[in-house]
Structure formats: structure tokens, C-alpha cells
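Heavy atoms only: backbone and side chains are in, while hydrogens, waters and symmetry mates are out.
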Amino acid sequence: MKKEKKAVNSKALKTVIEPNGKNLQYWKDIWRYRSLAFNLAKRDITVRYKQTVIGLGWSIISPVINMLLMTFIFGNMAKMESDGSAPYSIMVYAGLIPWTLFSKNFTISSGTFLTSAALMKKVYFPRIITPAGASLAAMVDSAISYAILLIIILISYFTTGFVPSWRIIFVPFFSLLPVMLGFFTGLFLSPFNIRYRDLNQAIPFLIQIGQYVTPVGYSFAVACAAVPEKIRFVYSLNPVAGAINAVRWCIIPDNAFHLPSFLATVVCILIFIPLGIKSFRKGERTFVDLV
């Protein structure tokens, strides 16, 4: 019996907490705590729509109203052209969803040490689980928005005869681009956000400006044509614009695939994945003393 007890004890799971992260224990813990990310996402969705009359309807109302406003301002008042044969509303909505994915993930991950400090101080778990869970919740809202986009496309088919491209099957894949771009750039800035609180105030302002600098409410091709030729190539290297144009390319049949902007998006993601993780890991060891 004693030998059996010793054998059981020797096989007992051990949790090793190593804040310096010089081995694979941290990444093993992320896999062990993966259910926590889903529970945090479920909590965020529940809290967000709890005691609301419309509930998940708010995830529909917000993008639809934005689409209508941008269509009226840029399409009707400014008389800007759409991409190819697509109705202006579809072009705007197809750009608004990836922009929302980017902005939400960027805001979530950059402010995670401030918004989730109380939870992080109570118990050990890989801190990156917190922004990952919030990111999953944001993706649920975007999935609903894509369902609304399909309804808008169906309505446009009966009213204007618009038929989406067969490339629409690649939308889930290309939608990962703005998610990863926003998430990892936000992770990179997260430690600076607790050291310099001005950044926390500046981020919403910069996102609001970025929505109009980036071709969300207007065509990427029209924007490039309007920019002076000397800086046109620099403007096309906007990584968020590359992600938006890639999603539109999946939906609009005669929308050209802009390779330079797409490559700029991929390169930017590949750069910020290691930089973001390294910056976040460094910040999670000292955030308790600053928050």
C-alpha cells in the first residue's frame, strides 16, 4: 500500500510558477488554462448584454448604423465610387467589419493590465489568457456582423443583381489578419499603457482618426488615386488597409487584390508577434507595482 501511495504521489501534477519565462512552462500553462479563455469570453458576452432589452441586437445595430452613415456621407454626399460592381453599402460593410476586428483587439490587448488588474492580482494563470478571452468575445460580435452582411448581400441580389465572388469562402481566413494585427500590436503597447497613462486616453482618439485615414468608408483604389503619386506607395503600406482590402477582395468579384498592402500586413504581423509577446511578458512581471 505504501508503495502504491508513493507511486500516486510521484505522478501528481505539479504547477511551476516561473515569472522569468525562460522555459516552456508558461506556454504549457496556456494550453492547460485554455478553458479559462473561453470562460472569460463567455463572461464578457454575458456581462455586456445583461439586463439589456435588445441584447445581442446591439452587435447588429452599431455596425449597420455606421454603414448607413458612411454610405450617406461618402457615397451619396461625396459621390465617391464603389469597388467594381458592388453596391456602396456592401463595400463599406465589408471594410467596417475587419476594421472593427482590428480596433477592438487593439484596444483590448493594449489596456489589459488596466482593465483586468483585479483578476490578475488574485490568482496565478498565464496573463495572456485575459486578452485572448476578450478577443474571442469580440470575434463573436464580428461573426454576427458577417451574418448580417450575408443578409445584405441577399437583399442586394434581388434589388440590384449583385452576386458576390466565389472567394467569399476565404473570408474567415483573411479575417484573422486584422485580429492578429490588432492583438499583437496591442500586446506590444500594453506595458507602456500602465507606465504612461496618457496613452490610455490617446488610443481611442487615434482609433477614431484611423477609421477615416484607413479606407473603411471609401474605396482603397479611390483613396490611392487621390493620394499624390510621390507618397502613394507609402499610403498603400498601411497594414490595416491591406487587411481590409483582402476581405473586400473575397467578397467583391471585380475588386483587385493589392499585393503590396497585403504583404505589408503580413510582414507587420510577423514583426509584432515576437515583439508583442516579449513586451507583454516583460510587463506582466512588473505591472502589479504600477497599477
Side-chain angles (χ1 to χ4, degrees), residues 45 48-49 52-105 136-179 182 207-208 210-212 214-225 240-258 261-262:
I45 295 173
R48 188 183 309 160
Y49 301 112
T52 59
V53 177
I54 301 178
L56 285 172
W58 287 111
S59 62
I60 300 172
I61 293 174
S62 179
V64 169
I65 290 179
N66 279 335
M67 177 201 70
L68 294 175
L69 288 174
M70 289 185 177
T71 301
F72 176 74
I73 293 172
F74 295 106
N76 296 343
M77 295 184 64
K79 303 296 182 182
M80 288 187 175
E81 296 181 359
S82 178
D83 280 330
S85 59
Y88 204 92
S89 57
I90 291 180
M91 185 202 69
V92 171
Y93 206 78
L96 193 61
I97 299 176
W99 168 259
T100 303
L101 280 170
F102 165 79
S103 60
K104 281 188 176 181
N105 278 275
L136 288 174
M139 293 175 69
V140 171
D141 289 341
S142 296
I144 296 173
S145 297
Y146 274 124
I148 299 302
L149 176 61
L150 292 177
I151 295 175
I152 296 173
I153 290 175
L154 183 63
I155 294 172
S156 297
Y157 171 75
F158 289 106
T159 56
T160 64
F162 173 75
V163 178
S165 171
W166 63 269
R167 300 186 297 262
I168 197 171
I169 60 176
F170 296 114
V171 165
F173 171 75
F174 285 106
S175 294
L176 292 176
L177 295 176
V179 172
I207 288 176
Q208 188 175 9
Q211 184 173 352
Y212 294 97
T214 304
V216 178
Y218 47 88
S219 168
F220 180 77
V222 171
C224 288
V240 188
I244 290 174
N245 196 55
V247 173
R248 283 177 174 166
W249 174 79
C250 294
I251 298 171
I252 303 173
D254 43 1
N255 187 28
F257 187 83
H258 195 263
S261 63
F262 175 76

| said: Restricting to side chain to side chain donor-acceptor pair (under 3.5 Å), what partner residues turn up for Ser175, sequence neighbours left out? | reply: Tyr146
| query | With a 4.5 Å limit on heavy-atom distance, are the side chains of Pro63 and Tyr93 in contact? | reply | yes
| field | Distance, nearest 0.5 Å, that separates CD1 of Ile73 from CG of Leu68 | value | 11.0 Å
| Atom CG of Asn66 and atom CD1 of Ile97: how far apart are they, to the nearest 0.5 Å? | 11.5 Å
| Can you check whether Asp141 reaches Ser145 side chain to side chain, under 4.5 Å on heavy atoms? | no
| query | At their closest point, which heavy atom of Phe220 faces which heavy atom of Ala241, and how far apart are they? | reply | CE1-CB, 3.8 Å
| field | Heavy-atom check, side chain of Tyr157 versus side chain of Ile153, under 4.5 Å | value | no
| task | For Tyr212, look at atom OH and say whether over 12 heavy atoms of other residues, nucleotides or ligands are found less than 6.0 Å away. | result | no
| task | Anything under 30° is parallel, anything over 60° is perpendicular, the rest tilted; go ahead and classify Phe102 against Trp99. | result | tilted
| task | Go through the steps to decide whether Asn76 and Tyr88 satisfy the test side-chain contact (heavy atoms from CB on, under 4.5 Å), and finish with yes or no. | result | CA-CA 9 Å; Asn76 296 343; Tyr88 204 92; over 6 Å; no
| Between Ser103 and Thr100, is there a donor-acceptor pair closer than 3.5 Å when you use the side chain of the first and the backbone of the second? | yes
Distance-only check: which donor-acceptor pairs under 3.5 Å involve side-chain atoms of residues 242-254, not counting sequence neighbours?
unit_1, atom_1, unit_2, atom_2, d
Arg248, NE, Met91, O, 3.0
Arg248, NH1, Pro215, O, 3.1
Arg248, NH1, Tyr218, O, 3.1
Arg248, NH2, Met91, O, 3.1
Arg248, NH2, Pro215, O, 3.4
Arg248, NH2, Val216, O, 2.6
Asp254, OD1, Ser85, N, 3.3
Asp254, OD2, Ser85, N, 3.1

| field | From Asn255 atom CG to Ser219 atom OG, the distance as rounded to the nearest 0.5 Å | value | 7.0 Å
| field | From CD1 (Ile65) to CD1 (Ile60), nearest 0.5 Å | value | 11.5 Å
| Reported CD1-to-CD1 distance for the pair Ile148 and Ile144, which is rounded to 0.5 angstrom | 8.0 Å
